Amino acid sequence: MKYKILVSVAAILLIIGIAGSVFVLNSRGGSVVEITQNDKVIRTIDLQTAGDECFDIEYGGSKNTIEIKDGKIRVKSAECPDKTCVHTGWLSSLAMPIVCLPNHLVIRFAASDNDVDAVAN
């Protein structure tokens, strides 16, 4: 009897953990994104109000072409060796920013006022 209760509780906790993970991975962070290079914000964009456009960001002689279309953002093309940033696709969640390590570029949803930035005592 104790074994059945223990297994049931473990199964419920596992299901809750999986559901929470799926929710976090699929939740959007809002509509404002930050493009940073070398830990400095070089551009902030509100995807709800931004028009469709493409622009280049250069670093050390190579460039990334950023595309904004239909309220979404992605790295359309890149002059880096592995093109991981291109294969990441459209930015869709808080948990998965677009990163180009060779060009020191990160595209992520901006932190909202509700996010915790520091430890409070």
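The first residue of the sequence shown is numbered 1, and numbering continues consecutively from there. Just so it is clear, the model here is predicted, and its values are computed rather than measured.
- Taking both residues in full, the closest heavy atoms of Lys69 and Asp52 are given as CA-OD1, 3.3 Å, listed atom of the first, atom of the second, then distance.
- Under the 4.5 Å side-chain heavy-atom criterion for grouping Ile, Leu, Val, Met, Phe, Trp and Tyr, Ile98 is connected to Val86 within one hydrophobic cluster.
- Using a 4.0 Å cut-off between a side-chain N of Lys or Arg and a carboxylate O of Asp or Glu, Lys63 and Glu58 do not qualify as a salt bridge.
- To the nearest 0.5 Å, the span separating OG on Ser77 from CD1 on Ile66 amounts to 8.5 Å.
- Here the side chains of Asn64 and Tyr59 are not in contact, with every heavy-atom distance at 4.5 Å or above.
- The pair Glu53-Arg43 meets the salt-bridge criterion, with a side-chain N (NZ, NE, NH1 or NH2) lying under 4.0 Å from an Asp/Glu carboxylate O.
- Contact between Gly89 and Arg74 at its shortest, heavy atoms only, is O-CB, 3.5 Å.
- In the hydrophobic cluster analysis, where Ile, Leu, Val, Met, Phe, Trp and Tyr join through side-chain heavy atoms closer than 4.5 angstrom, Val99 is grouped apart from Phe109.
- The distance from the CD1 atom of Ile107 to the CG atom of Leu105 is 5.0 Å, given to the nearest 0.5 Å.
- Shown here for Glu79 and Gly61, the closest heavy-atom pair between the two residues is OE1-O, 3.9 Å.
- Scanning all heavy atoms of the two residues, the minimum distance from Pro97 to Arg108 falls at CB-CB, 3.8 Å.
- The closest side-chain donor-acceptor pair between Ser62 and Asn103 falls under 3.5 angstrom.
- Ile42 is not listed as a side-chain neighbour of Thr36, based on a closest heavy-atom distance of 4.5 Å or more.
- Ile45 and Ala50 get closest at one heavy-atom pair: CG2-CB, 3.7 Å.
- At a threshold of 4.5 Å between non-hydrogen side-chain atoms, the residues Gln37 and Ile57 count as touching.
- Between Trp90 and Asp70 the shortest side-chain heavy-atom distance does not fall below 4.5 Å.
- Residues Val7 and Ile15 fall into different hydrophobic clusters, defined by Ile, Leu, Val, Met, Phe, Trp and Tyr side chains chained together at heavy-atom separations under 4.5 Å.
- Looking only at side-chain heavy atoms (C-beta outward), Ile73 and Leu47 come within less than 4.5 Å of each other.
- The shortest non-hydrogen separation linking Met96 to Leu91 is O-CD1, 3.5 Å.
- In this structure a side-chain-to-backbone donor-acceptor pair under 3.5 Å is present from Asp46 to Gln48.
- For Lys83, the NZ atom sits in a packed shell: over 12 heavy atoms of surrounding residues, nucleotides or ligands are nearer than 6.0 Å.
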